[in-house]
Amino acid sequence: MTNRRKFIQISSALSVGALLPLQFCSPAKKEESTTDAILDAAKGILDDFGLQLYSVKENMAEDPVATIKSVAGFGYTQLEGFDGGKGIFWGMSPTDFKKLMDDLGVKFIASHANTFENLEQQAEQAGSIGMQYLICPWVGPQKSMDDFKRLADDFNKQGEICKKHGVKFAYHNHGYTFDTLDGQIPQDYLMENTDPGLVDFEMDTYWVYTAGKDPIEYIKKYPGRFTLGHVKDKSGDLPFSEANGSTIVGTGIMDFPSILRAGMDNGMKYFIVEQERFEGTNPMDAAEKNAAYMKNLVF
């Protein structure tokens, strides 16, 4: 399924005069009232959404198969992986891992990986099972813009290797790429000096926001470049500058209906939940609550 959405403007009381897009304006079936049609249309926007498995990293370390089966049962139709020390396939062969995904009706769309080592082999394996992306998740703060200029060249080269194997390369931001360095914003340089045909970007909305930037403005500034997005909310109970301040999606201070709408309108194809702090809850319960939020999100 694709992420084609059913967008609808609904008044708080489903009042007469609520505006519907044309696709909802055809006469209702005899057995379906207008109110039922509105409610049906509002039951969900995203046909597919994912989970970054790092959100349940302790569970993955203990039993990856059982953990994946559980989160699939929560309603996630896509998964994004990470290398927890056993490779991105958690000790399984790529084909065995894909069979697990297929049996669960889940797509393993991408994985965070060390793209600076053994990329040829990683890209070949990822491409062999139809993965969409290998993602560089971290480069760390750099000393100068010259370092980021070298990284832009590295990303283009890594993109070429991935493309050769039918996989796309992407870079996942943290806050440091939005901090001014030598009079420039490194994130802007990376986006403007990498080949759009070789390098995509995964926006971690939380880190953009924590860095004092507006995720919506960046999505609109670089349409088509942020093809993946991390849906990670920021707690309002902690200082704004707190690095480890994520919370259950929808309970924090970020406006995800607006952020996701901007993403959809500007080329973002994958929406992936991530959470790293679990005050008053645990990773698996949080993953289930986050899935419920995503299933019922209306914007």
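One is the number of the first residue; the rest follow in order along the sequence. Since this is a predicted model, take the numbers as computed values, not measurements.
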With a 6.0 Å cut-off on ring centres, are [X] and [Y] close enough?
X	Y	value
Tyr218	Phe178	yes
Tyr76	Phe49	yes
His174	His230	no

**OP:** Examine Trp207 and Ile259 and state if one hydrophobic cluster contains both, with Ile, Leu, Val, Met, Phe, Trp and Tyr joined whenever side-chain heavy atoms are less than 4.5 Å apart.
**Re:**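 Looking at the clustering, Ile259 is in a separate group from Trp207.
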Original post:
Is there a chain of hydrophobic side chains (I, L, V, M, F, W, Y, each step under 4.5 Å between heavy atoms) that links Val273 to Met203?
Top reply: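 Same hydrophobic cluster.
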Original post:
ring pair (Phe, Tyr, Trp, His ring centres under 6.0 Å) between Phe169 and Tyr133: does it pass, once the steps are laid out?
Top reply: CA-CA 6 Å; Phe169 169 84; Tyr133 284 93; 9.2 Å; no
Subject >> Non-neighbouring partners of Asp146 that pass side chain to side chain contact (heavy atoms under 4.5 Å, CB included), sequence neighbours left out >> reply: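 Partners of Asp146 by the side chain to side chain contact (heavy atoms under 4.5 Å, CB included) criterion, ordered by chain and then number, come out as Ser144, Lys149, Arg150.
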Subject >> Pairing residues for Asn114 by the side chain to side chain contact (heavy atoms under 4.5 Å, CB included) criterion, not counting sequence neighbours >> reply: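 Asn114 satisfies side chain to side chain contact (heavy atoms under 4.5 Å, CB included) with Phe116, Glu117 only.
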**OP:** Tell me, please, which residues at least two apart from Tyr209 pass ring pair (Phe, Tyr, Trp, His ring centres under 6.0 Å).
**Re:**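 So Tyr209 forms a ring pair (Phe, Tyr, Trp, His ring centres under 6.0 Å) with Phe240.
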Does [Y] offer a backbone N or O that forms a donor-acceptor pair with the side chain of [X] under 3.5 Å?
X	Y	result
Thr180	Gly183	no
Ser111	Ala113	no
Asn118	Gln121	no

Subject >> Listed once per pair and sorted, the ring pair (Phe, Tyr, Trp, His ring centres under 6.0 Å) pairs that draw on residues 52-72, sequence neighbours left out >> reply: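 Sorted pair list: Tyr54-Phe82.
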**OP:** Kindly indicate, with the supporting measurements, whether the criterion side-chain hydrogen bond (donor to acceptor under 3.5 Å, both in side chains) is fulfilled by Tyr293 and Thr251.
**Re:** CA-CA 10 Å; Tyr293 175 86; Thr251 68; over 6 Å; no
**OP:** Could you name each residue pair satisfying side chain to side chain donor-acceptor pair (under 3.5 Å) that touches residues 154-167, not counting sequence neighbours?
**Re:**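 Sorted pair list: Thr115-Gln158, Glu120-Lys164, Glu120-His165.
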Original post:
Who are the side-chain hydrogen bond (donor to acceptor under 3.5 Å, both in side chains) partners of Gln122, not counting sequence neighbours?
Top reply: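 Not a single residue meets the side-chain hydrogen bond (donor to acceptor under 3.5 Å, both in side chains) criterion with Gln122.
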Original post:
When you look at NZ of Lys220, are more than 12 heavy atoms from neighbouring residues, nucleotides or ligands closer to it than 6.0 Å?
Top reply: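 Not more than 12 within 6.0 Å, no.
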**OP:** Inspect the contact between Arg225 and Asp200 and indicate whether a charged nitrogen and a carboxylate oxygen are less than 4.0 angstrom apart.
**Re:**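 Not counted as a salt bridge, because no side-chain N and carboxylate O are separated by less than 4.0 Å.
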Original post:
Hey, are Lys98 and Asp102 close enough for a salt bridge, meaning a charged N less than 4.0 Å from a carboxylate O?
Top reply: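 Result for this pair is yes, salt bridge flagged.
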**OP:** Indicate whether any N or O donor in one side chain lies under 3.5 Å from an N or O acceptor in the other, for Asp48 and Thr77.
**Re:**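 Indeed, the side chains of Asp48 and Thr77 share at least one donor-acceptor pair under 3.5 Å.
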